[in-house]
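Working notes, beginning with the structure itself.
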Amino acid sequence: MILCYNIMINYFETIFPSIVELQKSAAIVRISEEDIRSISEEMRLKLTPEETSAIYEWCGETCRSYQRVYELIPPTPLVRYPRTPGYREQEDDSWYYRCDIKGAEEGLLAGKTVAIKDNVSVAGVPMMNGSKLLEGFVPDKDATVVTRILDAGGRILGKAVCEDLCCSASSFTSASGPVKNPYDPTRSTGGSSSGSASLVARKVVDVAIGGDQGGSIRIPASWCGIVGLKPTYGLVPYTGVMPVEKTLDHVGPMTRTVEDCASLLEVIAGYDDGNDPRQFPALPHPPYSKLVNYGIKGKKIGLLKEGFKDMDEEVARVVRQAALTLEEAGAEVSDVSLPIHNDGKAIWSPITFEGTYQMMVKGNGHGYGWKGTYDLQLQEALAKAYNLRPFDCPMTLKIAMIFSEYIQRNYQSKFYSKAQNLVQHLTKEYNRILKDYDVMVMPTLPSIAYKLPTSNNTLRETLKLAQGMVKNTKPFNLTGHPALTINAGFIEGLPCGMMIVGRMFDDLTVLQVARAFEKLRDC
């Protein structure tokens, strides 16, 4: 009986081959010869009719591979901690969405409340990234830093407002409205991690997560008087955070105390099993929370002369005086010079403009050449948004889009490439200084917090407020050195940040110096 059945099946497969493979919904629309001729003309390939026909046949076979890729289902990380979507915050301008996700019962963050910057995925909770383009988007997975916070006992209370697609260093571009400085509601908190800084400074949460491509952790931390650390590039996995430019992207802690900063860094740092190719398996990851109070006796601290240049006179004075108090903790403090520091901002510009345009706009948030995890859900959402309402991009991004398109049409990628080559030189120069000094110190920002723009400001004036304070912060996104801001004092009742920069993967020494100063400041 079985033999007869098999013979019958073989017979029908021969007569009706379609019985072997049923029709399926096509993953991509089959390219036509007309498509090939049109693309050929646009790319000036000058295909002959024979070549056009051959390409048509070849593409038919390639479509089978694309169909199979479409059908395969990649593994999705489990969402381990129960939560509800929460609700849209109506009263506090620093929150985008409120939720309440309780982590493990025990851990380094047990009892700590946490705010997550709204460019970081929290499964089931809406993520807007400050932009009308992403309104209504809901991630289906947790970012790695979110999972680690929950595993360590943290309790996430919501998504903190950030600037529109993280394209501003001030706090007035978010589609949800401006975020006001806790010390003066007429002034900016700084950005783009604006909500995170405000919530921590006002003690609404204990700690927060921020992101940093040109100072977006350190700027708001400085203007809100808290601690903000841009860790060493690659120390903390960026998996599940919306990228801006992959060679600049950092994610890190924002806290009221250095000890909390050390604890949060300890929780979120470390290798992410290949999901973030900026990392490598043997990643240095000491117990920061246990070592942060070890003291800095004998440490050499260099006050970077160029970092004090073009700063408000009172800012420079407050930061220098704060740095000199470190001698009371046993450190040696002296001036050091590195002229190329003044060029860091210029080197940052082509990389940020052209890199962001290629990755975040043309690459729909991800681009190519990334041997790590891609967030397909976010990529699809951005692609649809850019196609449907590109006019909803923030003005800062529109400038980058137009200028980068012009540069690439006329100068190809020569300036981006040269800038990346110059980063290697800039990195080596900082490393040369850091062979003789344990850390470098300088003002985080050139002034106290700017006034928020009003309806009386022109567009040109408003745009200057979005990026006019980043001379000292930008270079270390390029090189990847750890850089921490801590409040050095007050000017006219407003905080003034001191930035401490250390050797690559020596975030511990940066924290120890900051903790030593914190003890002296608060005694």
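Keep in mind it's a predicted model, so treat the numbers as computed, not measured. Note that these values count all heavy atoms, side chains included, but never hydrogens, waters or copies made by symmetry.
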Separation between [atom1] of [X] and [atom2] of [Y], rounded to the nearest 0.5 Å:
X	Y	atom1	atom2	result
Ile55	Ile31	CD1	CD1	8.5 Å
Lys418	Ile347	NZ	CD1	10.0 Å
Tyr271	His285	OH	NE2	15.0 Å
Ser263	Leu109	OG	CG	7.0 Å

Is any NZ, NE, NH1 or NH2 atom of the basic residue among [X] and [Y] found under 4.0 Å from an Asp or Glu carboxylate oxygen of the other?
X	Y	result
Arg98	Glu91	no
Asp142	Arg80	no
Glu71	Arg68	yes

I'd like to know if the side chain of [X] reaches the main chain of [Y], judged simply by a donor and an acceptor atom lying under 3.5 Å from each other, with no hydrogens or angles considered.
X	Y	answer
Trp348	Ile351	no
Glu266	Tyr288	yes
Asn275	Thr373	no
Arg83	Tyr81	yes

Side chains of [X] and [Y], donor plus acceptor under 3.5 Å:
X	Y	answer
Ser171	Ser194	no
Thr479	Thr427	no
Ser174	Ser176	yes
Ser193	Lys117	yes
Asp35	Ser38	no
Thr462	Asn457	no

Practice prompt. Might you work through the side-chain contact (heavy atoms from CB on, under 4.5 Å) test for Ile407 and Tyr416, ending with a clear yes or no?
Written response: CA-CA 10 Å; Ile407 290 291; Tyr416 179 92; over 6 Å; no
Which atom pair, heavy atoms only, marks the closest approach of [X] to [Y]?
X	Y	result
Arg218	Ala483	CD-O, 3.5 Å
Glu354	Ser413	OE1-CA, 4.1 Å
Gly191	Glu163	CA-CG, 4.3 Å

Worksheet item: Does Glu245 have any salt bridge (Lys or Arg N to Asp or Glu O under 4.0 Å) partners at least two apart in sequence or in another chain, and if so, which?
Response: none
Fill in: Results of salt bridge (Lys or Arg N to Asp or Glu O under 4.0 Å) for Arg30 - residues two or more places apart only
none
Worksheet item: Side chains of Asp93 and Pro178: closer than 4.5 Å at any heavy-atom pair?
Response: no
Worksheet item: So do Tyr97 and Asp118 actually touch side chain to side chain, heavy atoms under 4.5 Å?
Response: no
Discussion item. Tell me if the aromatic rings of Tyr357 and Phe403 count as close, with their centers under 6.0 Å from one another.
Written reply: no
Discussion item. Using 30° and 60° as the class boundaries, would you call the ring planes of Tyr430 and His481 parallel, tilted or perpendicular?
Written reply: perpendicular
Worksheet item: Passes side-chain contact (heavy atoms from CB on, under 4.5 Å), Ser94 versus Val161? Steps please.
Response: CA-CA 5 Å; Ser94 298; Val161 166; 5.7 Å; no
Discussion item. The test is side-chain contact (heavy atoms from CB on, under 4.5 Å); show your working for Ile156 and Cys99 and say whether it passes.
Written reply: CA-CA 7 Å; Ile156 294 173; Cys99 62; 4.2 Å; yes
Discussion item. Using the rule given for salt bridge (Lys or Arg N to Asp or Glu O under 4.0 Å), can you reason through Arg37 versus Glu41, listing the C-alpha separation, both sets of side-chain angles and the distance that settles it, and then say yes or no?
Written reply: CA-CA 6 Å; Arg37 285 191 292 270; Glu41 289 175 10; over 6 Å; no
Discussion item. Can you list everything that forms a side-chain hydrogen bond (donor to acceptor under 3.5 Å, both in side chains) with Ser131? Sequence neighbours excluded, please.
Written reply: Asp164
Worksheet entry | Test applied, side chain to side chain contact (heavy atoms under 4.5 Å, CB included); reference residue, Leu165; option that passes from Ser168, Cys167, Cys162 | Cys167
